[in-house]
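When a ligand or atom number is given, it counts from 1 through the structure's own listing order.
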Amino acid sequence: MRTVWFMTGNPGKVREAQHALQPLGFDVQQLVVEGIEIVEPQCNDLEIVARSKLKQAKPHLPSRGDALMVEDAGLFVDGLKGFPGAYSSYVLETLGCSGILDLMEGHKVRAAEFQAVAALLLDDRVHVSRGVCRGTIAMEASGDEGFGFDPIFVPSPIERNGEHYSTNGLTFAEVSLSVKEQFSHRRNALEGLFELLSTIDSASSS
Ligand code: IMP
């Protein structure tokens, strides 16, 4: 069984990936790189950030044959030219949800999206998958569920596998995690990567 080292500070993300990758023959472990700081490049493209993290962490892989995975996400507001994007964690800490609402004052178009990029280094090749969730920035923050910018984000209704999903105007912070997951940018990115892996896996075992 191949080991996939998931570099993240979030054990919840590791559990989700374990659940999805185990049936494909991968054993997912959390990689915590100690003693060095992984530097995030100053740019607004999540894929560049993810690729840079993979490159920096590669020398710290316990075994050369193992795979390495990272996942990055952010909120991109159309009317703010994609801000806060790759800077979302920092902007959440500094301006918070209320800061984004202030910046949106006077904007009639409130369209925005969450983006996630999952990237995997396997046998010296990088595989990348993106997930997107379109929606709008609410007029005010509501709800206590979730994290980050969930209280100000209302997902757009979607159709998937013949099913219609909508929060009926509620923010991500006003719905349960299982409802949020139906729209999740993160889930879409990870699923895309797992699909890619299953084709590689079946190709290598055939
Ligand atoms: P990360 O790369 O998954 O750690 O996400 C970076 C930042 O983007 C977080 O600190 C949040 O501010 C924001 N973010 C990413 N995904 C979500 C989400 O699903 N809900 C709310 N905020 C999110």
Side-chain angles (χ1 to χ4, degrees), residues 6-17 20 28 30-33 37-54 56-57 68-78 80-104 110-120 128-138 140-156 158 165 167 170-193:
F6 192 175
M7 187 169 69
T8 172
N10 184 338
K13 286 188 183 179
V14 179
R15 275 195 297 277
E16 273 181 30
V28 180
Q30 183 173 10
L31 178 68
V32 181
V33 179
E37 197 190 340
I38 302 289
V39 182
E40 291 203 2
Q42 298 293 294
C43 72
N44 204 25
D45 186 330
L46 293 174
E47 182 172 336
I48 294 176
V49 176
R51 284 180 181 270
S52 163
K53 284 184 178 172
L54 283 180
Q56 294 175 66
L68 175 63
M69 181 162 78
V70 296
E71 188 258 36
D72 275 286
L75 174 68
F76 293 70
V77 181
D78 294 11
L80 303 179
K81 300 190 171 148
F83 184 81
Y87 310 105
S88 290
S89 309
Y90 178 68
V91 171
L92 183 74
E93 268 171 42
T94 50
L95 303 180
C97 288
S98 61
I100 297 292
L101 291 177
D102 290 347
L103 289 173
M104 290 304 289
R110 302 181 71 90
E113 67 188 26
F114 277 120
Q115 290 180 19
V117 165
L120 184 104
V128 177
S129 169
R130 280 177 182 268
V132 173
C133 172
R134 290 290 295 170
T136 50
I137 301 298
E140 56 186 42
S142 355
D144 312 307
E145 298 290 326
F147 70 102
F149 293 110
D150 282 346
I152 58 166
F153 186 82
V154 178
S156 301
I158 53 163
Y165 298 96
T167 63
L170 296 178
T171 68
F172 267 161
E174 293 178 292
V175 297
S176 66
L177 180 60
S178 56
V179 172
K180 180 182 169 184
E181 274 185 348
Q182 293 158 351
F183 302 85
S184 173
H185 45 298
R186 188 169 295 105
R187 193 181 101 166
N188 292 342
L190 286 173
E191 274 181 3
L193 198 58

* Asked: Stepwise, does the side chain to side chain donor-acceptor pair (under 3.5 Å) test hold for E93 with S89?
  -> CA-CA 6 Å; E93 268 171 42; S89 309; over 6 Å; no
Q. Parallel, tilted or perpendicular for F114 and F153, by the 30°/60° rule?
A. tilted
Just by distance, do the side chain of S129 and the backbone of A118 share a donor-acceptor pair under 3.5 Å?
-> no
Checklist entry - Judged by atom type as modelled, is there a donor-acceptor pair below 3.5 Å linking the side chain of Q30 to the main-chain atoms of T8? => result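 Yes, because the side chain of Q30 sits within donor-acceptor range (under 3.5 Å) of the backbone of T8.
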Query raised in the report: Of L31, L193, V14, which meets side-chain contact (heavy atoms from CB on, under 4.5 Å) against M69?
Result: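 Per the side-chain contact (heavy atoms from CB on, under 4.5 Å) rule, the option paired with M69 is L193, out of L31, L193, V14.
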Against T136, only a single residue in T171, D78, V154 fulfils side-chain contact (heavy atoms from CB on, under 4.5 Å); can you say which?
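Passing option: V154.
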Students should be able to answer this: which protein heavy-atom is nearest to [atom], and at what distance?
atom                    : answer
atom 13 (C) of ligand 1 : S88 CB, 3.9 Å
atom 19 (O) of ligand 1 : K180 NZ, 2.7 Å
atom 3 (O) of ligand 1  : K13 NZ, 3.0 Å
atom 17 (C) of ligand 1 : F147 CZ, 3.4 Å
atom 2 (O) of ligand 1  : A73 N, 2.9 Å
atom 16 (N) of ligand 1 : R186 NH2, 2.9 Å
atom 10 (O) of ligand 1 : S89 OG, 3.4 Å
atom 22 (N) of ligand 1 : F149 N, 3.1 Å

Which atoms of ligand 1 have any heavy atom of [X] under 4.0 Å away?
X    : value
G148 : 21 (C), 22 (N)
E71  : 3 (O)
D72  : 2 (O)
G74  : 8 (O)
L92  : 12 (O)

Give the contacting part of [X] toward ligand 1: side chain, backbone, both or neither, where contact means a heavy-atom distance below 4.0 Å.
X    : value
D150 : both
F114 : side chain
R187 : neither

Taking it one step at a time, do D72 and E40 satisfy side chain to side chain contact (heavy atoms under 4.5 Å, CB included)?
CA-CA 11 Å; D72 275 286; E40 291 203 2; 4.1 Å; yes
Query - CG (D102) with more than 12 external heavy atoms under 6.0 Å - result: yes
Exercise for the section: Answer yes or no: does atom OH of Y165 have more than 12 heavy-atom neighbours from other residues, nucleotides or ligands under 6.0 Å? Expected result: yes
- Query: Could R130 and D45 be called an ion pair, given the rule that one side-chain N must be under 4.0 Å from one carboxylate O?
  - Reply: yes
